[in-house]
Amino acid sequence: MSKLQPVLFNIGWNACINCGACVAICPQEAGFVSPFDTIAVDRPCDIACLLCEQICPVETITHVPVERLNGSAVAVDR
Amino acid sequence: MPQTDYDLIIIGAGPAGSTTARFAATAGLKVLMVDKRQELGAPIQCSGAISGHGLASAGIDADPEFIHEAIYGFAIYDEHGNRKVHDYRQLKADEYGPQAGKKPLGYVVDRRRFDRYLMTQAERAGVDVWLKTEGLGYRPQEDGTCTVSLRRYNEAIHLRTRVIVGADGLQSQVGKWAGLQTHIKITELAGCLQFIVDGVETEGLLEIVTGHEWAPGGYAWVFPKGHGYAEIGLGVIATMTDKPARWHLDKFIKRSFFRDRFANCRILEVQGGGVPLAAPLRTQYADNMILVGDAARHVNPITGGGLHTAISGGKIAADFLVGHLGDGLPVQGGALEAYQLAWLAELGDKMWKLYGIKTDIFHNMNIGERDRLLYATMSDYFSPTSEFKKI
Ligand SMILES: Cc1cc2nc3c(=O)[nH]c(=O)nc-3n(C[C@H](O)[C@H](O)[C@H](O)COP(=O)(O)OP(=O)(O)OC[C@H]3O[C@@H](n4cnc5c(N)ncnc54)[C@H](O)[C@@H]3O)c2cc1C
Ligand code: SF4
């Protein structure tokens, strides 16, 4: 797995068809999901393999890099 | 055995969960099945093709409640549009056909209605079903049972059971709870998109279009959907293209040898999903836990079909659990490996063989050769002489 900087995913809900492919490919431990059956968007992903972005049939997942400050994530580069 | 609330708690009420639940309850086990959805099968992530003998394998009648259209055969296309047709109305005319006394080869089902129908059959067999109930985790206990954590309309609920069945589909979390290796490779999960359309004629056949040009790593399809509707879809492997499935589907509709046929199509529904063209999970059990259906990756690695294998696997799981729990055998310390062995013997060994064939095709780096191999394999797979007819 890549040792990239952690990222925070963003889902363009307008295009998302709720297909679940992003969750199916995600190598994170259990529970890295949103209430809408997509990958989680409320906390950073420290694996940052970005496979979810690759598999999404409608290309609607993007990310921003985040840094950890005192244990909580802060988005940078916005 | 210590007291429990249920003998089985099944997470997920798709075809695999409902079939496991129905057979287990019919044999006298006390079963709870939960699903987080408000309407089973929705949003649809499936094309709904299933063979008649697939339904029969799990004792399911072809009920008009869930059938979109009857199917009588297959047409397999190469990348140029040449096709090989296996029309069972001609190949086995005395057996298959729309006339009285004959039968369809298979069906395209409506997953919303199919899943609801299977759930209803399970409920009628005595299963408790809770919708809007999410499985959150489970923990094996020293007395040999386990506790399962659920959330039902925001309320936290903890129940004791002997075995938890993970039937929670491709996005399965149950296997992860037990620490199983469930990760699927990006080279083996097809990203799929499909449109239900009006204005496209079909002929009672499942049409499968091969060729890297149209669906790199996967294939495209045109299925009859009843009421004069059709379904056009495809799946692609992300590492074989830098474009998303949506781009490929648009290209297939506008630029393939079907462009005239699709020229007046109007889109009625948009659906998608991930289809594993992968091997079954190597380990499908843990203490107090077994996996079934997509959660165990019980999917045909050549066709991506998982309905037949989900319901056949559900029956295998239920038969095993009824015997195992009936004999008062332990469910921890590797004892549930017997389930996996039973599954391998009945279904799994065949799926591993298919996986071998599929891998040989896609490991071929020459696109022309790969296209020829896939077309030949698909054409053979659906022929009446195929050794794999049973899945
Ligand atoms: C685009 C596409 C087309 C396909 N076409 C075909 C086809 O034509 N023919 C075919 O045979 N197969 C097809 N398949 C495959 C088929 O859809 C699956 O193999 C099948 O749905 C597997 O059934 P299942 O019961 O294992 O899982 P699912 O049908 O996925 O059911 C899982 C259930 O578990 C529930 N669940 C998940 N997590 C939880 C939780 N934590 N708590 C509570 N409930 C939970 C879900 O809500 C869902 O209802 C297709 C798949 C895709 C994506
Ligand atoms: S893969 Fe894309 S379309 Fe599918 S659920 Fe995830 S974000 Fe939505």
Side-chain angles (χ1 to χ4, degrees), chain A residues 1-66 71-73 77, chain B residues 36-37 42-46 134-138 166 168-195 233-249 269-276 278 294-295 297:
Chain A
M1 280 306 130
S2 71
K3 296 245 183 315
L4 294 175
Q5 197 175 1
V7 298
L8 191 62
F9 288 112
N10 178 51
I11 294 191
W13 299 110
N14 172 265
C16 173
I17 56 169
N18 260 165
C19 74
C22 49
V23 181
I25 200 66
C26 180
Q28 277 281 6
E29 59 189 32
F32 197 77
V33 288
S34 81
F36 303 104
D37 279 348
T38 68
I39 43 143
V41 290
D42 60 347
R43 69 207 109 123
C45 170
D46 52 6
I47 300 176
C49 66
L50 309 185
L51 294 178
C52 52
E53 295 187 11
Q54 257 186 293
I55 195 94
C56 176
V58 293
E59 229 177 2
T60 197
I61 309 177
T62 54
H63 68 270
V64 290
V66 291
S72 64
D77 250 355
Chain B
K36 61 186 178 185
R37 293 188 184 179
I44 290 183
Q45 302 168 352
C46 181
E134 185 176 8
L136 297 177
Y138 89 102
D168 52 336
L170 195 61
Q171 300 101 290
S172 179
Q173 304 284 307
V174 177
K176 289 188 178 185
W177 297 341
L180 293 186
Q181 170 52 267
T182 62
H183 186 226
I184 181 166
K185 292 188 229 155
I186 186 78
T187 50
E188 299 197 328
L189 186 67
C192 301
L193 188 69
Q194 61 186 24
F195 298 145
L234 52 71
V236 300
I237 294 292
T239 48
M240 295 200 179
T241 169
D242 54 6
K243 300 282 199 301
R246 181 166 166 257
W247 183 90
H248 288 280
L249 187 53
E269 289 182 34
V270 181
Q271 298 157 359
V275 170
D294 269 11
R297 234 177 279 142

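Everything numeric here is computed off the predicted structure, so don't read it as measured data. For the numbers below, each heavy atom of this structure counts, side chains included, while hydrogens, waters and symmetry mates do not.
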- prompt: Which one of A/V23, A/V58, A/I25 has the most heavy-atom pairs closer than 4.5 Å to chain B?
  reply: A/I25
task: Just say parallel, tilted or perpendicular for the rings of A/F9 and A/F32, cut-offs at 30° and 60°.
output: perpendicular
Residue A/E53 versus chain B: region with a heavy atom under 4.5 Å: neither
field: Greatest number of heavy atom pairs closer than 4.5 Å to chain B - which of A/I55, A/D37, A/V33
entry: A/I55
- request: For residues B/L170 and B/G274, report the shortest heavy-atom separation together with the two atoms involved.
  value: CD2-O, 3.1 Å
message: Keeping A/E59 on the side-chain end and B/K243 on the backbone end, is there a donor-acceptor pair under 3.5 Å?
response: no
Under 3.5 Å, which donor-acceptor pairs do the side chains of residues 185-192 of chain B form with other protein atoms, sequence neighbours left out?
from	atom 1	to	atom 2	distance (Å)
B/E188	OE2	B/Y355	OH	2.5

query: Under 3.5 Å, is there a donor-acceptor pair between the side chain of B/R246 and the main chain of A/C56?
result: no
- request: Would you mind telling me which of B/G179, B/G273, B/P276 has the largest number of heavy-atom pairs within less than 4.5 Å of chain A?
  value: B/G273
- request: Below 4.5 Å from any heavy atom of chain A, which atoms of B/E134 appear? Answer side chain, backbone, both or neither.
  value: neither
Contact class of B/Q173 relative to chain A, heavy atoms under 4.5 angstrom: both
Selection from A/G31, A/C22, A/A24, A/C26 maximising heavy-atom pairs under 4.5 Å formed with chain B: A/A24
- request: Give a yes or no on whether A/N14 atom CG has more than 12 heavy-atom contacts from other residues, nucleotides or ligands under 6.0 Å away.
  value: no
query: Which bit of A/E29 is near chain B, if near means a heavy-atom gap under 4.5 Å: side chain, backbone, both or neither?
result: backbone
